[in-house]
K.L.:
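Next up is a structure, given as C-alpha cells.
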Amino acid sequence: MPADQIWWGLTDPEALPRWLGKLTSGKFVVGNSVTIQHAEGYFCTSRIQECEPERILSMTWSFPDEPPSHVKIVLTPAGASTHLALQHDGLGIEAVDYLPGWHTHLLYLEALLLGQPRSMADFWSTYDGLTDS
C-alpha cells in the first residue's frame, strides 16, 4: 500500500474515527496539539513533535487518567508497499493493556485502507478476543 494512502488513514479527520477516534481539535502540524475523542467523554491530547507527511508522525500521548507517554509512527517504503512501525514509549504498567489495544486499532486501520472498514461497534469484542488469546 502506498505511503500517501496510509498517511491519509493516520491523519485525516474523516479516516480517524474509523479506526482510532474522532479528531475534535487541532491539526497534524509540528507544535500543534490535537485532541482525539476515543469514547464518550474520553479524550487524548497529543502535542505534535515531528510530522513529515508520508514518513514520520511523532507526538505526546496524554489521557487524563494515565501518565503521559509518547507515540512514534514511521512509514518506510518496502518495494510496492509501505512498512508501518509504531512505537509507544513511557507506558509503564499500562503497556499490558496497550499491546492488544494498538493491535486492534491497527487491524481497523488496515481494514479501512483495504476498503473493508470494520464496525466500531465491534471494537471491544475484537480487543477482548486478542486479550484472551
Side-chain angles (χ1 to χ4, degrees):
M1 182 159 305
D4 63 335
Q5 192 173 352
I6 297 171
W7 190 258
W8 168 82
L10 293 174
T11 61
D12 187 272
E14 297 206 8
L16 283 165
R18 306 299 302 268
W19 73 277
L20 185 64
K22 179 182 178 188
L23 181 68
T24 59
S25 69
K27 293 185 179 189
F28 290 91
V29 175
V30 171
N32 275 11
S33 289
V34 296
T35 302
I36 296 177
Q37 181 177 358
H38 290 259
E40 188 65 37
Y42 197 58
F43 299 86
C44 178
T45 301
S46 297
R47 183 157 180 85
I48 308 303
Q49 298 173 319
E50 215 177 335
C51 185
E52 295 178 35
E54 302 175 26
R55 292 196 58 235
I56 298 172
L57 179 60
S58 176
M59 59 193 168
T60 62
W61 187 264
S62 182
F63 278 105
D65 58 342
E66 296 177 5
S69 57
H70 180 263
V71 172
K72 184 173 187 175
I73 299 171
V74 177
L75 302 179
T76 308
S81 62
T82 304
H83 179 261
L84 183 151
L86 185 145
Q87 182 175 338
H88 196 155
D89 294 320
L91 288 170
I93 62 169
E94 302 287 336
V96 169
D97 295 324
Y98 266 92
L99 181 61
W102 275 120
H103 191 128
T104 306
H105 283 297
L106 292 173
L107 284 173
Y108 273 68
L109 174 61
E110 178 184 46
L112 173 65
L113 295 174
L114 292 173
Q116 302 165 345
R118 292 171 170 246
S119 168
M120 288 306 283
D122 298 332
F123 181 88
W124 288 109
S125 62
T126 302
Y127 172 92
D128 288 342
L130 289 171
T131 59
D132 293 341
S133 59

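Computed over heavy atoms, backbone and side chain alike; hydrogens, waters and symmetry mates excluded.
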K.L.:
With sequence neighbours excluded, give me every salt bridge (Lys or Arg N to Asp or Glu O under 4.0 Å) pair touching residues 98-126.
P.N.:
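Qualifying pairs, neighbours excluded: none.
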K.L.:
Could you tabulate the donor-acceptor pairs under 3.5 Å formed by side-chain atoms of residues 55-63, not counting sequence neighbours?
P.N.:
residue: R55; atom: NH1; partner: E52; partner atom: OE1; Å: 2.2
residue: S58; atom: OG; partner: H70; partner atom: NE2; Å: 2.7
residue: T60; atom: OG1; partner: R47; partner atom: N; Å: 2.7
residue: W61; atom: NE1; partner: Y98; partner atom: OH; Å: 2.9

K.L.:
Shortest non-hydrogen contact from Q49 to V30?
P.N.:
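Residues Q49 and V30, closest heavy atoms: O-CG1, 3.8 Å.
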K.L.:
Rounded to the nearest 0.5 Å, how far apart are NZ of K22 and CD of E14?
P.N.:
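Answer rounded to 0.5 Å: 11.5 Å.
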K.L.:
Using a 4.5 Å cut-off on heavy atoms from C-beta on, say whether the side chain of D97 contacts that of T131.
P.N.:
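Side chain of T131 against side chain of D97, heavy atoms only: no contact under 4.5 Å found.
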K.L.:
Show the atom names and distances, to 0.1 Å, of all donor-acceptor pairs under 3.5 Å that link a side chain in residues 78-86 to residues at least two apart or in another chain.
P.N.:
residue: S81; atom: OG; partner: A78; partner atom: O; Å: 3.1
residue: T82; atom: OG1; partner: M1; partner atom: O; Å: 2.7
residue: T82; atom: OG1; partner: A3; partner atom: N; Å: 3.1

K.L.:
I'd like to check the side-chain hydrogen bond (donor to acceptor under 3.5 Å, both in side chains) partners of Q87; sequence neighbours left out, ordered by chain and number.
P.N.:
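Testing Q87 for side-chain hydrogen bond (donor to acceptor under 3.5 Å, both in side chains), a comparison that skips the adjacent residues, returns D89.
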K.L.:
Would you please name every residue forming a side-chain hydrogen bond (donor to acceptor under 3.5 Å, both in side chains) with T45, sequence neighbours left out?
P.N.:
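Here no residue qualifies.
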K.L.:
Just jot down the ring pair (Phe, Tyr, Trp, His ring centres under 6.0 Å) partners of H105, sequence neighbours excluded, or say none.
P.N.:
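If we apply the ring pair (Phe, Tyr, Trp, His ring centres under 6.0 Å) test to H105, skipping adjacent residues, the hits are W102, F123.
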K.L.:
What's the separation between atom CH2 in W19 and atom OG1 in T104, rounded to the nearest 0.5 Å?
P.N.:
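Spacing of CH2 (W19) from OG1 (T104) equals 12.0 Å.
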K.L.:
Which value, rounded to the nearest 0.5 Å, describes the distance between E50 atom CD and I48 atom CD1?
P.N.:
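These two atoms lie 11.0 Å from each other.
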K.L.:
With rounding to the nearest 0.5 angstrom, report the CG to OG1 distance, L107 to T126.
P.N.:
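Reported value, rounded in 0.5 Å steps: 7.5 Å.
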K.L.:
Please check this pair: side chain of Q37 against backbone of T24, looking for a donor-acceptor N/O pair closer than 3.5 Å.
P.N.:
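Between the backbone of T24 and the side chain of Q37 there is no qualifying donor-acceptor contact (under 3.5 Å).
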K.L.:
Once you round to the nearest 0.5 Å, how far does CD of E54 lie from CD1 of I6?
P.N.:
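So the CD of E54 and the CD1 of I6 are separated by 9.5 Å.
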K.L.:
Counting neighbours of CG on L114 that are heavy atoms of other residues, nucleotides or ligands and sit closer than 6.0 Å, is the number greater than 12?
P.N.:
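Yes.
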K.L.:
To the nearest 0.5 Å, what is the distance between CG on D12 and CD on Q5?
P.N.:
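Going from CG on D12 over to CD on Q5, the span is 12.0 Å.
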K.L.:
What is the minimum heavy-atom distance between P17 and P13, and which atoms define it?
P.N.:
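The pair with the smallest heavy-atom distance is CD-O, 3.1 Å.
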K.L.:
So which heavy atom on W7 is nearest to which on C51, and how close?
P.N.:
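Minimum heavy-atom separation between W7 and C51: CZ2-SG, 3.6 Å.
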K.L.:
So which heavy atom on Y108 is nearest to which on M120, and how close?
P.N.:
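What the structure gives for the nearest pair is CD2-SD, 3.4 Å.
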K.L.:
Which atoms form the tightest heavy-atom contact between L20 and H38, and what is the distance?
P.N.:
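Shortest heavy-atom separation between L20 and H38 comes out as O-ND1, 3.4 Å.
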K.L.:
For F43 and P64, which heavy atoms make the closest approach, and how far apart are they?
P.N.:
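Looking at all heavy atoms of both residues, the closest pair is O-CD, 3.4 Å.
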K.L.:
Quick check: is V29 connected to L75 through a chain of hydrophobic side chains (ILVMFWY, heavy atoms under 4.5 Å apart)?
P.N.:
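No.
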